Amino acid sequence: MKAIVDCNSFYCSCERVFRPDLAHQPVIVLSNNDGCIISRSDEAKQLNVPMAGPYFKAKPLIEKYGVHTFSSNYNLYGDMSWRVMETLRMMMGKENVEVYSVDEAFIDMNHIPAESLHDVGKKIKETIELWTGIQVSVGIAPTKVLSKVANRLAKKNKKTTECVLILDTPEKINAALQKTKVDDVWGVGYKYAYKLHQWQIDTAYQLKNMDIEWARKNLGGIMGVRLIKELCSEIAIEMEDERINKKIIATTRMFGEPVNNIKYIKEAIATYTSRAAEKLRRQKSVAKTIGIFIVKKEESHTARFKHGPSISASIHLPIATSITNELIKPAVQLVDKIFEKDTFYKKAGVILSDIVNDDAVQGNLFVSETTNKNRLLMNMIDNVNFSMRDDVLKFASSGTKRNWKMRQELRSKRYTTRWDELYEVK
DNA sequence: TCTGGGGTCCTAGGACCC
DNA sequence: TCTGGGGTCCTAGGACCC
């Protein structure tokens, strides 16, 4: 059996840990740039504040009901996430925990006897809540896809399930699948849901009973096959070893306002490159390819929001590197290649790929003195910036004023990573 | 003039996730 | 007026090779 442990309204819960006065109040958290709503407390859901909807559109509703609103504070969420995952690892054994996202982890439960599954699920929930202040839901079932179904129902029926639900018999599984729309199945997105409804397949139960070969043809090949198998309690998506290293590393941002000055675009690209290089060094890797993209500001207003066209360019570096200045130079040159005069841009990004381990780089007998100096410099910068969880030290090419920087007007304090923002007990 | 079949590698793009 | 950011995997198609 497999469990998925999923934090309830994670970002909102993090904010509430340090604002106990908001315990039963409607709370929402906004994306970067205060663009859309990315986390809602139950109370906010009940007020029909839309998920992933643009903030400005929901603003009247938010103001009317006095919904407490926060800009995203990733320093805080990252740190809280680490606490939750550490708790799980301590309780269930490191080797049984697969961190799946900032607020979710799969757990291999094969070593737990069937009759204890429920107690263990409950214990997990209670311990995390006690140690971190974060509420979680636990879904347990034979496969990952089914455990997600269980988790969703646990969360939806908090009163009856107390946030822990086990699907361990065919009867329970079928009943759960009948209550679940295909749209809500893990692995069915917007496009497939639309297709499925056209074929009159509306519930997860109906999907489960579809033919495997049909799925191969119509639901993205091997992905569709796995999905059906998992719904039929056959393991097709295994537990994964903790992924240590990312295969690509990206840093991308919207600008606070559209930008048509190439100088600012270059500053932004330099800044994102520094951040991406930092992530690269943290996992002790180097990259052989660097790409950038910029997105034009777009005029048309279709029913469904779409970004404007994105223009990209990339180059293979002669030698894989993680040294910031060696990456910034080509990145900024790429801007010259794709920037069009008199055009407004609203977003830019840097993508590092072809990532390999630091020690896999071919040793060069003639590594120059400067390379070594650069490494030491990088180390020093990383240490300072990491301890502050912010870029206190940066390269001049990143600009100092940063007119293009994103808006973040409603951010809470970085309670857990800054001394001067510690929580005060009066 | 006629012009095969099988393989690999790479890239772009689509689908999905949170 | 204002719509996030960071990932994964898979597939199709082109280039190239013998």
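Here is how names work: the chains are called A, B, and so on, in the same order as the sequence lines, proteins then strands, and each is numbered from 1. Just so it is clear, the structure is predicted and the values come from calculations on it, not from any experiment.
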Distance, rounded to the nearest Å, where [X] contributes [atom1] and [N] contributes [atom2]:
X: A:Y190; N: B:dG14; atom1: OH; atom2: P; answer: 14 Å
X: A:E257; N: C:dT3; atom1: CD; atom2: P; answer: 12 Å
X: A:F106; N: B:dC17; atom1: CZ; atom2: C1'; answer: 10 Å
X: A:L280; N: C:dG6; atom1: CG; atom2: C1'; answer: 15 Å

Minimum-distance nucleotide to [X] side chain [options: [options]]:
X: A:P54; options: B:dC18, C:dT3, C:dG6; answer: C:dT3
X: A:I222; options: C:dT11, C:dC2, B:dC18; answer: C:dT11
X: A:Y100; options: B:dC18, C:dC10, C:dG7; answer: B:dC18
X: A:W186; options: C:dC2, C:dG7, B:dC18; answer: B:dC18
X: A:I38; options: C:dC9, C:dG5, C:dG4; answer: C:dG4
X: A:Y192; options: C:dG7, B:dC18, B:dA15; answer: B:dA15
X: A:R253; options: C:dG6, C:dT8, B:dC18; answer: C:dG6
X: A:E104; options: B:dC18, C:dG7, C:dG4; answer: B:dC18
X: A:K246; options: C:dC2, C:dT8, C:dG4; answer: C:dT8

Residue-phosphate contact under 4.0 Å: [X] side-chain N/O, [N] OP1/OP2:
X: A:K297; N: C:dC2; result: yes
X: A:K191; N: B:dA15; result: yes
X: A:R226; N: C:dC10; result: yes
X: A:K347; N: C:dG5; result: yes
X: A:H316; N: B:dC10; result: no
X: A:T252; N: C:dG6; result: yes
X: A:K148; N: B:dC18; result: yes
X: A:K279; N: C:dG6; result: yes

Quick one: NZ on A:K279 to CG on A:N245, what's the gap to the nearest 0.5 Å?
->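 Those atoms lie 14.0 Å apart.
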Check whether the side chains of [X] and [Y] place a donor and an acceptor atom closer than 3.5 Å, and report yes or no.
X: A:S137; Y: A:N8; value: yes
X: A:D34; Y: A:S71; value: yes
X: A:Q25; Y: A:Y65; value: no
X: A:K208; Y: A:N174; value: yes

With a 6.0 Å cut-off on ring centres, are A:Y345 and A:F339 close enough?
->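 So the answer is yes for these two rings.
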If pairing requires Watson-Crick or G-U wobble contacts with both distances under 3.5 Å, which nucleotide is the partner of B:dT8?
->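 Result: C:dA15.
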